Structures are given as C-alpha cells and as structure tokens.
> 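So that we are looking at the same thing, I have put the structure below in structure tokens.
Just so it is clear, the structure is predicted and the values come from calculations on it, not from any experiment. Heavy atoms only: backbone and side chains are in, while hydrogens, waters and symmetry mates are out. Labels below follow one simple rule: chain letters A, B, ... track the order of the sequence lines, proteins then strands, and each chain is numbered from 1.
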Number of protein chains: 2
Amino acid sequence: MPKLGMEPIRKEALVKATIVEIGRVGSLDVTVSQIAKRAGMSSALAHHYFGSKEEIFLAAMRHILTLYGAEVRGALAAADGPDARLNAVLRASFSPGNFRREAVSAWLTFWVLAQTVPEARRLLAVYQRRLRSNLLSCLRPMAGARAEAIADGLGALIDGLYLREVLKSGPPDGPSAVAMLLEYLRIQMKEQTR
Amino acid sequence: MPKLGMEPIRKEALVKATIVEIGRVGSLDVTVSQIAKRAGMSSALAHHYFGSKEEIFLAAMRHILTLYGAEVRGALAAADGPDARLNAVLRASFSPGNFRREAVSAWLTFWVLAQTVPEARRLLAVYQRRLRSNLLSCLRPMAGARAEAIADGLGALIDGLYLREVLKSGPPDGPSAVAMLLEYLRIQMKEQTR
DNA sequence: AAGTTTATTGACTCGTCAATCAACAAAAAA
DNA sequence: TTTTTTGTTGATTGACGAGTCAATAAACTT
C-alpha cells in the first residue's frame, strides 16, 4: 500500500530513531537494523533513502543542531535588550533538553566523529560560529572591543561546563552551570571599568 | 622461545598499540587483531593477557591518565611557589603531548566510554579530582575562600578550551589557551580586592 | 492500457570480529 | 626426569552487520 511522498516522513523517522538509539547505547555502535526497526521499517529502506550509515549519522547531527538553533532563536525572540538576550543564549545551552540522554550521547559522539569526518567537523564549526555570533551581538554593546575575548571565554566555558555536568555522577545541574557563566560575565564586565 | 616474565612487557606493548590505533582511526572502532598486530603478537595472546577488549581499553585509559599525572607531577616539582605551580598545572593540560593525535582521540573516546562504562567514569572522576586538588592547593594561599569556585571555573575552562583547540581546523594553539586561563585567573584575583 | 516512477521488503552476499581451543614449546619446580 | 607453569599461535566458532538485489505492489503519467 505504497502512499507517495513518503521520503521526508521516512527520513525524519530514521533521524529521530537514530538519535534515540545513539542515546540508548551511548555511542555510534548502532546498527542500521536497530535504527530501521525503531523507525518502523526495514533496514533496506533505510539504505534506500540515505545510502549509507554515515549519511544517517550526519542527518541526525544536522537535526540536533537544528533543534539547538531553534531553541536559541526561540529564547532570543522572547528576550529584550542585550542583557536578557545574553542570558537567554547562555541558558539555552543548559536547558533540560540538552541533558536528555540522547542529546548527551549525540554531542559526545559527534565530537568524536568530527575528528575524522569532514562534514561533521564543518557542522560543528557552523554551530560554534553561530554561538559566537549570538554572544558577540549581545556583548558588543556592553563590552565593546573586549567582546571578542569574552565571547571566546564564554564559548569554551559553555563546552567545558557541559562536559563536566554530563559526565559527573548524579543528575546534571544546569542552573549552577549558568550561574558560573554569569559570574564569569560579571567579573569580565567589572573589569571593563578598570 | 618463550622467555618468562613476558606478561608486563606484552601488556605494555598492547596498551601502547591500543592508543596508537585509537589515534589512527579516531574512535574505539579498533579490532583486537589490529592492536595485537601492531604490538607484534597474535590476537589470541591479547585475549590471553587481558581477557576482553574492554579491559584493553580500560588499561589504555589508565595509561593515558598515568602519563598525564606524571607530566603534572614533573612540572610541579620544578615550580616554586603557588604562582609558578599554578602555571605549571595549567600548562600541563596544553602540552604538545596532549595534542598528539593519539592523545586527542583517547580523550574524546574515553569521554564517550565514560557514559556507559562505570570503570571509565570512575577513572575520569579520579583525574578530575586530582586536577581540582592540584589547583586548590595553589589557589588557597592566593584566593582563600574563593579558591573552590575559581578551581571549578578553571577546570571547566581547561576542558572546554581543550575541546575547542582539538576540534577546530588548523593546528591547535596551546599557548593561547593557557593565556585565556591566565586571564581568567587574573581577573578573578583582581576581584579578590573588591 | 501500457509504461514509469516510488515504496517496500526478504533474502542474500561478503566480510568482519571477539572470543575460544587445541596444540606446541620452553622454562621452572618436583 | 617428570610435572607443572608460562608463553604462544593457527584455526575455528558463532555471531553479527553493511550494503545489494530481485521481486512485488501501488500510484501516477501518457
């Protein structure tokens, strides 16, 4: 009973199933069959639409980055003024969604992928540039020439705090990570006035 | 021609070969045969001495952490006074050795492993505690009660900067990462005096 | 109605790999 | 010197997995 126009539906199902499966096993050691089964189709169909396992992973990575981008945009839209906007960007990186098992595994394994798969590296670079640009647009009004250095510091701190939160034992504590970021920002801004 | 007392020699060879192979492929997708071949023995012997692939990986992880620990200890021994000691600890995380392909892959894949393998998580926790304790012993004389917060910030910043250096395109720039850490430290210390 | 495109899968190929085992060799212990 | 322990590997097992393919069927085109 083949309905037409299945391609986007199947692809989306596969992408979501991929992320779930990566979260379930905690690595890229996921078979196309597992993914296809969770997405409710045969593995042959998965190959039909994506061609290879690597393409499936890259599509999943794009999806994760898209989700993150949407979250940031949403938070930014509701924020007024540089201060609130900066707050929104920082909080977005530590939202509950980013601490879900699937998201954590996705990020960690994508970092590994980025070592060797050029497209994965490119996608990661896109994300970092976007974060940096978001930070800069808030920081420039407040920090002027020092905005760049502060943005770089915040960016690295975000990644490091995220890594530590997700790998420590016990539940992650997003708010305390955000507090650390705000403290960093606070002393950087105080620095501003000599 | 079996010489006796081979066990430690074989194990060491396997551990080193494991790290090289992980660096070569950039992930844990390394076969026991590849490792054994590089270490100059049959895969059966690798299983004989380690029992399973996972045990080989954990031994490799212990080795990496041991190397790092030795590097820090060495740098600390040559440093006089809290300031110099702090400098030594920070620089040790961004030494050329830590930017070698094998070390990078090892750290990234161990982070992934730590999600699901308790022993890997434990080892990572040991490393983090040691780093924290090293930082604290330097910071307490300079920062008193604020030492803990500063140590946590430095720890996260180290991980985040490392991640960004190794995943960016182009060669990593250790000194600039260290400079960022020192800048963070500088403004934290300035904060000390209101 | 005939032909083309899209959807779909079961079966299969070809390869790989972790782990085991039997067997052999040499040193040490008895 | 017999026995035990230690070192070592080739061959094998048993399983799994990525990707292909032929075949089936529904929809759309002409």
> Between A:R10 and C:dT8, is there a contact of a side-chain N or O with OP1 or OP2 at under 4.0 Å?
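It does, given that an N or O in the side chain of A:R10 lies less than 4.0 Å from OP1 or OP2 of C:dT8.
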
> Test B:R186 against A:E191 for salt bridge (charged side-chain N to carboxylate O under 4.0 Å, His left out), laying out the working first.
CA-CA 10 Å; B:R186 188 182 66 78; A:E191 192 71 1; 3.2 Å; yes

> Going from OG on A:S93 to CG on A:L161, what distance comes out if it is rounded to the nearest 0.5 angstrom?
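CG of A:L161 is found 10.0 Å from OG of A:S93.
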
> For the pair made of CD in A:E7 and C1' in D:dA26, what is the distance, rounded to whole Å?
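Distance, rounded to whole Å: 17 Å.
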
> Is it true that a side-chain atom of A:R100 and a backbone atom of A:G23 form a donor plus acceptor pair closer than 3.5 Å?
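No; judged by distance alone, with no hydrogens or angles, the pair does not exist.
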
> Sequence neighbours excluded, which residues qualify as salt bridge (charged side-chain N to carboxylate O under 4.0 Å, His left out) partners of A:R24?
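Here the qualifying residues are A:E21.
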
> What pairs of residues pass the side-chain hydrogen bond (donor to acceptor under 3.5 Å, both in side chains) test when at least one of them lies in residues 44-67 of chain A, not counting sequence neighbours?
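The answer is A:R62-A:E119.
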
> Checking A:Y162 side chain against A:N98 main chain: does a donor-acceptor pair fall under 3.5 Å?
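Yes; at least one donor-acceptor contact below 3.5 Å.
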
> In whole Å, I'd like the distance from the CD1 atom of A:I9 to the P atom of C:dA7.
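In whole Å, C:dA7 P lies 9 Å from A:I9 CD1.
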
> Can you give me the N/O atom pairs linking the protein to nucleotides 28-30 of chain C at distances under 3.5 Å, or say none if there are none?
none

> Looking at A:R146 and A:Q188, would you say the former's side chain and the latter's main chain have a donor-acceptor pair under 3.5 Å?
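Yes: the side chain of A:R146 pairs with the backbone of A:Q188.
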
> To check you understand the geometry: which heavy-atom pair defines the closest contact between B:A88 and B:A79, and what is its length?
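Closest pair (atom of B:A88, atom of B:A79, distance): CB-CB, 4.2 Å.
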
> Using the C1' atoms of the five pairs at each end, what is the angle between the end axes of the helix from C:dA1-D:dT30 to C:dA30-D:dT1, to 10°?
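So the angle between the two local helix axes works out to 10°.
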
> State, to 0.1 Å, how close A:R121 and B:S169 come at their nearest heavy-atom pair, and which atoms those are.
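Here A:R121 and B:S169 meet closest at NH1-CA, 3.7 Å.
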
> Return all side-chain donor-acceptor pairs below 3.5 angstrom for residues 103-114 of chain B, not counting sequence neighbours, or 'none' if the list is empty.
from: B:S105; atom 1: OG; to: A:Q115; atom 2: OE1; distance (Å): 2.7
from: B:S105; atom 1: OG; to: B:R101; atom 2: O; distance (Å): 3.4
from: B:T109; atom 1: OG1; to: B:S105; atom 2: O; distance (Å): 2.7
from: B:T109; atom 1: OG1; to: B:A106; atom 2: O; distance (Å): 3.1

> What are the residues of residues 24-57 of chain A, sorted by number, that bring a heavy atom to within less than 4.0 Å of DNA chain C?
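A:M41, A:S42, A:A44, A:L45, A:H48, A:Y49 - these, ordered by number, are the residues of the stretch whose heavy atoms sit under 4.0 Å from the strand.
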
